[in-house]
Structure formats: structure tokens, C-alpha cells
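Report on the structure given below.
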Amino acid sequence: MRGISEREKHLPNFTLPELLRIMYESKSIISLSAGEPDFTTPRPLLRYGASIIHKSTHYTPTQGLKELREAICKKLKKENKINAIPENVIVTTGSQEAIFASLLTTTDPKDQVLIPNPGYLAYLPAIELSDGKPISYKLSEENNFQPDPDQIKKLVNKKTKAIIVNSPSNPTGQIYSRKLLEEIAGIAREKNLYILSDEAYERLIYDGEKHVSIASLNGMKEYVISLYTFSKSYAMCGFRVGYVVSPKNLSESIIESSHFLTISPTHISQLMAIKALSLPNRYINRMVRAYNRRRKYLVKRLNEINLITKEPKGAFYAFSNIKYVTKKSSYKFSQDLLKKAKVAVVPGTEFGEYGEGYIRFSYATKLFLIKKALERIEKYLK
Ligand SMILES: Cc1ncc(COP(=O)(O)O)c(C=O)c1O
């Protein structure tokens with residue numbers, strides 16, 4: 001019989017599309033909801049892309065161009081302290097594909113995968129589409145939105161296959177310390193679990209904090225599937241290029257999943273990614289400095305108007321507690337901000353039920369717009 005599959009019907013109903021529809025229909029709305037850099041891709045990359053377009057009309061190997069995987073290995077060694085070989089790097093169509101290919105490769109029906117809640121909204125559907133079962137571990141404000149290893153330990157059972165960690169975190173903007181990652185690594189080793197480490201925001205870190213890759217910790221290489229992207233560090237979202245660093249026994253299988261998902265990553269994007277890895281640091285640093293200025297301003301102003309916000313240390317999000325200004329649900333409050341204050345934010349519940357009582361602000365938006373948006377919210381709250 002014709003109809004929509006049960007699998008599709010079971011996917012969570014996100015409220016975001018409705019908010020986005022209202023936003024696009026009204027020109028006067030300021031959006032603090034974007035999950036992507038407002039910067040354009042650095043000019044040298046765009047110029048290079050334009051000059052090589054005629055050379056990139058073919059499929060590439062599913063695993064990605066060897067030259068790119070070699071350049072990625074150099075970057076991994078220098079920045080992530082991970083010693084990888086090109087055979088264990090798989091280039092993907094954004095890290096979104098990397099998440100899917102990794103789950104398809106590791107998850108059998110009914111296997112459980114632990115996910116942060118509130119956490120990046122794609123984890124849950126990606127696990128369900130891989131026939132697995134997502135199990136939330138709670139990130140609470142009292143614990144500065146850090147995972148609690150004791151809680152994780154209690155959730156692990158015979159069906160648990162993997163733990164997803166995401167630092168710097170979307171939506172909380174918090175980062176996990178080496179000590180905490182070591183504790184989670186200990187659980188994975190003891191219980192023989194995979195860790196999927198989503199490091200999409202690895203370069204967007206503030207206040208002199210350091211990003212730690214869990215695969216770099218002692219003895220962890222064979223437990224950790226590390227996921228990276230060019231989308232955020234290089235403002236290359238539209239080019240859709242990411243990569244997986246896989247334990248050696250999984251690489252072939254991840255390549256196979258990836259082949260049937262997309263055949264190969266985009267050719268031109270891979271050539272541009274090679275170039276991106278050779279860019280001087282100043283291109284990223286300039287963006288990070290701008291995010292940092294906005295972060296400081298936004299967090300200060302949010303706390304002044306009682307939208308209580310823990311200082312985020314990474315990514316470009318602030319996650320604010322709304323209970324001091326309203327009794328409404330996150331969704332209703334976001335809808336009111338949209339309709340009455342003309343400011344778009346994302347309700348915390350988009351990131352899981354433990355996001356209730358919070359809203360996510362993105363500061364991947366020009367400072368003058370952030371200032372204007374905050375004036376509007378302050379006026380609305382008064
Ligand atoms: C935590 C996290 N992981 C992965 C992604 C996917 O990004 P991309 O597919 O562009 O690499 C996003 C996008 O917002 C994200 O926030």
C-alpha cells in the first residue's frame with residue numbers, strides 16, 4: 001500500500017521549520033537562530049574553487065582524495081594530537097554524513113547509543129534511522145552542562161554500543177575538560193564501547209581554553225570514531241565536506257556505508273579543503289575574534305535582563321535559562337519572541353526534553369544585529 005514508512009513517521013517532530021517559516025515571511029525579524037557561520041568562505045578558497053571548477057566534474061574515490069586524507073593526517077597530528085594514517089580517514093559530505101555512516105557501521109537493531117540531552121538534534125534521528133535506540137544522558141545547568149560520568153555508567157547495559165560526546169557542544173557552548181574526557185574514556189574501555197566524538201566546533205574556543213580530542217588520550221584510538229567538518233572552522237557549510245577518523249577495523253565498513261549513501265564526497269569541495277588546510281591561521285583567528293567579541297557582549301546582556309546564561313567557552317551558541325523571566329514553555333516563549341519582539345531563537349526542546357526551560361541564541365550574526373535584538377527582547381520583557 002502506498003504511504004509514508006513507519007520509520008519516517010517515528011522521527012521526532014521538530015518545531016523549528018514552523019519558526020523558520022514565520023521568520024522567512026517577515027523581513028523585520030532578526031535571527032539569532034543560525035547554526036552556521038555568518039561569514040563567507042575565505043576569499044582565497046573561493047577564488048581557488050572558481051579556478052578549478054572544470055577539473056572537478058567527476059566522482060572521486062568514496063574514501064576521498066588521497067592528497068586530502070594526507071593533509072588531514074598532518075592536521076590531526078598537529079592540532080588534535082591524533083596519529084592517524086590516510087587509510088583510516090574517510091572524507092564525507094559534511095560531518096552529518098560522517099555521523100550516519102559511523103552509526104550504520106556500528107549499530108545493530110535495538111543497540112543502544114547514549115546521546116547528550118540537550119544535544120545536537122541530528123543524533124536521535126540518525127540513531128533511529130540506523131535501527132538503534134537513542135538513550136539520553138542529561139546535561140544539567142547545575143553541572144555546567146557537563147556530562148556526569150556516574151550517570152553515564154548507570155545507563156550502560158548489555159545493549160549499549162556507543163556513547164556520543166560533543167565538545168564544544170551544540171547547543172550549550174560548553175567544552176569538556178581532559179579530566180572529564182578521561183573518565184568517559186575509562187567507561188568506554190571498561191565496558192568495551194565505541195565513542196563517537198563530534199568535534200565540529202573544535203576551532204571555535206575562547207578564553208584560552210584548549211580543545212581536547214578524546215581519541216588522543218592514552219589507548220583510546222581503537223575505541224573512538226572522531227568526526228570533523230570544514231563547515232564551521234572555515235565557514236564552508238555550503239561545500240559539504242567533513243571526515244571521519246576511524247579505528248582501523250571499522251574503516252572499510254564506514255567506506256562501504258558511505259559509498260551507498262553518497263558514492264563520493266563532492267570533488268570541488270575536497271580540492272578546496274586541501275587548500276583550506278594550507279591557509280594561514282589568521283583566516284580562522286579573525287572569525288574566532290569576532291565570535292568572541294559577540295559572545296562577551298551577548299552573554300553580559302542576557303544576564304543583565306535575567307535570561308541567565310552560563311558563559312559558553314566554545315562554538316557560537318549561548319544557552320539561556322528562561323525561568324527568571326517567564327513561566328511559558330521554551331516553545332511558547334520562542335514563538336512570542338518571534339512574533340512580538342521580532343527576534344528568532346531556538347527553543348531548548350529542539351535539542352531534547354531536558355532542553356525545556358532554555359532557549360538557544362546563536363552569535364553567528366553581526367554584532368549590531370545582536371545589539372538590536374537584545375534591545376527588542378529587553379523592551380518586550382519589560
Ligand atoms: C554538533 C554538530 N555536529 C555536526 C553538524 C553537522 O555539520 P556539517 O554536516 O555541516 O559538517 C552540526 C551542524 O550544525 C553540529 O552542530
Side-chain angles (χ1 to χ4, degrees), residues 7-8 11-12 14 35-37 41 49 56 58-69 71-73 75-76 80 82 84 86-107 111 113 115 119-132 134 161-162 164-166 170 194-203 213 215 224-247 250-274 276-277:
R7 191 191 316 105
E8 181 68 31
L11 290 181
F14 291 119
E36 63 170 326
T41 309
S56 24
H58 293 282
Y59 291 133
T60 71
T62 300
Q63 192 173 3
L65 296 170
K66 184 140 189 269
E67 197 186 343
L68 174 55
R69 289 182 288 115
I72 287 171
C73 286
K75 172 263 179 190
L76 288 167
N80 306 89
I82 297 175
E87 286 70 20
N88 296 329
V89 172
I90 302 111
V91 182
T92 51
T93 305
S95 56
Q96 188 82 2
E97 190 207 337
I99 296 170
F100 261 88
S102 308
L103 286 166
L104 286 172
T105 303
T106 51
T107 314
D111 276 352
V113 179
I115 57 171
Y120 177 47
L121 46 80
Y123 301 141
L124 187 139
I127 295 165
E128 291 193 339
L129 288 172
S130 316
D131 284 338
K161 203 59 176 281
I164 298 186
V165 292
N166 171 221
N170 176 9
Y194 286 117
I195 288 181
L196 265 66
S197 179
D198 180 347
E199 300 176 35
Y201 298 92
E202 59 177 329
R203 296 295 298 268
S213 297
V224 182
I225 305 168
S226 309
L227 312 167
Y228 298 95
T229 180
F230 287 79
S231 293
K232 319 287 174 174
S233 310
Y234 294 97
M236 281 178 67
C237 292
F239 291 99
R240 313 301 306 125
V241 53
Y243 52 99
V244 185
V245 188
S246 156
L250 289 184
S251 304
E252 282 303 319
S253 309
I254 295 179
I255 295 166
E256 205 166 80
S257 294
S258 178
H259 180 83
F260 294 119
L261 285 169
T262 61
I263 301 182
S264 87
T266 314
H267 195 161
I268 192 163
S269 306
Q270 293 185 72
L271 296 172
M272 289 171 68
I274 297 170
L277 290 172

Assess whether side chain to side chain contact (heavy atoms under 4.5 Å, CB included) is satisfied between Gln63 and Ser264, documenting all intermediate values. CA-CA 7 Å; Gln63 192 173 3; Ser264 87; over 6 Å; no
If you define the side chain from C-beta out and look only at heavy atoms, does anything of Ile115 sit under 4.5 Å from Asn166? no
Chi angles and distances behind the side chain to side chain contact (heavy atoms under 4.5 Å, CB included) call for Phe260, Leu104: CA-CA 11 Å; Phe260 294 119; Leu104 286 172; over 6 Å; no
Hey, could you give me the CG/CD1 distance between Leu103 and Ile164, rounded to the nearest 0.5 Å? 5.5 Å
Does any non-hydrogen side-chain atom of Ser231 lie less than 4.5 Å from one of Glu36? no
Is there a donor-acceptor pair under 3.5 Å between the side chain of Lys66 and the backbone N or O of Pro86? no
Mind checking the CG-OG spacing from Leu76 to Ser213? Nearest 0.5 Å is all I need. 8.0 Å
Could you tell me whether the side chain of Leu65 reaches within less than 4.5 Å of the side chain of Leu271, counting heavy atoms only? yes
Check for a donor-acceptor pair, side chain of His267 on one end and backbone N or O of Thr60 on the other, with a separation under 3.5 Å. no
Consider side chain to side chain contact (heavy atoms under 4.5 Å, CB included). Of Thr266, Thr93, Thr41, which one does Phe239 pass it with? Thr41
Minimum heavy-atom separation for Ser95 to Tyr228, with atom names? CB-O, 3.4 Å
Grab the two heavy atoms, one from Gln96 and one from Ala122, that are nearest each other, plus how far apart they are. NE2-CB, 3.3 Å
Gap between atom CZ of Phe100 and atom CD1 of Ile254 - 0.5 Å precision: 14.5 Å
With heavy-atom distances below 4.5 Å as the criterion, would you say the side chains of Thr106 and Asp111 are in contact? no
Distance-minimising heavy-atom pair for Tyr194 and Pro247: CE2-CG, 4.5 Å
Of all heavy-atom pairs between Ile225 and Ser102, which one has the smallest distance, and what is that distance? CG2-OG, 3.5 Å
Any chance you could measure Gln270, atom CD, to Ile72, atom CD1, to the nearest 0.5 Å? 8.5 Å
Test applied, side chain to side chain contact (heavy atoms under 4.5 Å, CB included); reference residue, Ile255; option that passes from Val244, Ile90, Leu250: Ile90
For Pro37 versus Lys232, what's the shortest heavy-atom pair and its separation? CG-O, 3.8 Å
For Asn170 and Leu121, run side chain to side chain contact (heavy atoms under 4.5 Å, CB included): C-alpha distance rounded to whole Å, both residues' side-chain angles, the deciding distance at 0.1 Å, then the answer. CA-CA 9 Å; Asn170 176 9; Leu121 46 80; over 6 Å; no
Is there a donor in the side chain of Glu87 and an acceptor in the side chain of Ser251, or the other way round, less than 3.5 Å apart? no
Could you walk me through whether Glu202 and Ser233 satisfy the side chain to side chain donor-acceptor pair (under 3.5 Å) test, starting with their C-alpha distance in whole Å, then the side-chain angles of each, then the deciding distance to 0.1 Å, before giving a yes or no? CA-CA 8 Å; Glu202 59 177 329; Ser233 310; 4.6 Å; no
Could you measure the distance from the OG1 atom of Thr107 to the CG atom of Leu196? Nearest 0.5 Å is fine. 7.5 Å
For Pro61 and Pro265, work out which heavy atoms get closest and say how close. O-CD, 3.9 Å
Determine whether Ser226 and Asn80 satisfy the following criterion, side chain to side chain contact (heavy atoms under 4.5 Å, CB included), listing intermediate values before the conclusion. CA-CA 10 Å; Ser226 309; Asn80 306 89; over 6 Å; no
Please tell me whether Ser257 and Thr105 have a donor and an acceptor in their side chains that are separated by less than 3.5 angstrom. yes
Taking the six-membered ring of Tyr243, is NZ or CZ of Lys75 closer than 6.0 Å to its centre and within 45° of its axis? no
For the atom pair CD (Glu97) and OG1 (Thr92), what is the distance rounded to the nearest 0.5 Å? 5.5 Å
